[in-house]
Amino acid sequence: MAFELPKLPYATNALEPHIDTETMELHHGKHHATYVTNLNKALESHPDWAKHSVEDLLTHLNEIPETIRPAVRNNGGGHANHSMFWEILKVNNGQGPSGTLLAAINESFGSLDEFKTKFNDAGLKQFGSGWVFVVPVAQGGKLEILSRPNQDTPLMEGRTPIMGNDVWEHAYYVKYRNRRADYLAAWWNVVNWDAVQARFDKRSSK
Ligand code: MN
């Protein structure tokens, strides 16, 4: 079974005005779709590896044949990152995190505002294309912010992010042009905290 582009869980205009319709159409329908197409292409000659989940492929990148490893890294990473990204977005009308997630944020970063500042700072400092992720630390229930270049993901280090923001220019250039900081600031309006909480719960129960 080849990998498939997941359907968006909402319409392409659902995140307006923070993320515009044209960006969503291009980002999901072209960029993410291309990662899926190219991942499938890379795996055509290796049907044994094509049976694995994308998380599995990324966790075991070192075991994947060298001839297709870069393609799996870039396109598998792109597929996994974007699949998470659509899942954790929704216009939140100012609703923030609560419960155990908020407690973990407060414990790890001091406050929600401090967390947002550190996350945006990491996004701004990521030179060129990449992502900013929030990942549970191995022990103690705390969280940490990691930035990674290109389509790299903490999955490659055996760690599952609970949320992440895409700082590739294709994620914001149509509306925000070169103003990555404005995009990073506006993005907090479209974080689906229930979806992030669900990912957090899933990780902390392991
Ligand atoms: Mn992207």
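Here, residue 1 is the first one in the sequence, and each next residue gets the next number. Start at 1 and go down the list; that is how both ligands and their atoms are numbered. All of these numbers come straight from a predicted model, not from anything done at the bench.
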* Asked: Are the side chains of H170 and K30 in touch, meaning some heavy atoms are under 4.5 Å apart?
  ->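 No. Closest side-chain heavy atoms not under 4.5 Å.
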
* Going by heavy atoms in the side chains, are E16 and T21 under 4.5 Å from each other? -> yes

* **For F119, the option from F109, F133, W188 that meets ring-ring contact (aromatic ring centres under 6.0 Å, His included)** =>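 Testing each of F109, F133, W188 against F119, the sole residue satisfying ring-ring contact (aromatic ring centres under 6.0 Å, His included) is W188.
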
* Asked: Taking the six-membered ring for Trp, are Y183 and Y172 parallel (under 30°), tilted (30 to 60°) or perpendicular (over 60°)?
  -> parallel

* For the Mn ion (ligand 1), what is the closest N, O or S atom on D166? -> OD2

* Structure fact -> The angle formed at the Mn ion (ligand 1) by NE2 of H27 and NE2 of H170 is about (to 10 degrees) 100°

* **Presence of N, O or S from H82 under 2.8 Å of the Mn ion (ligand 1)** => yes

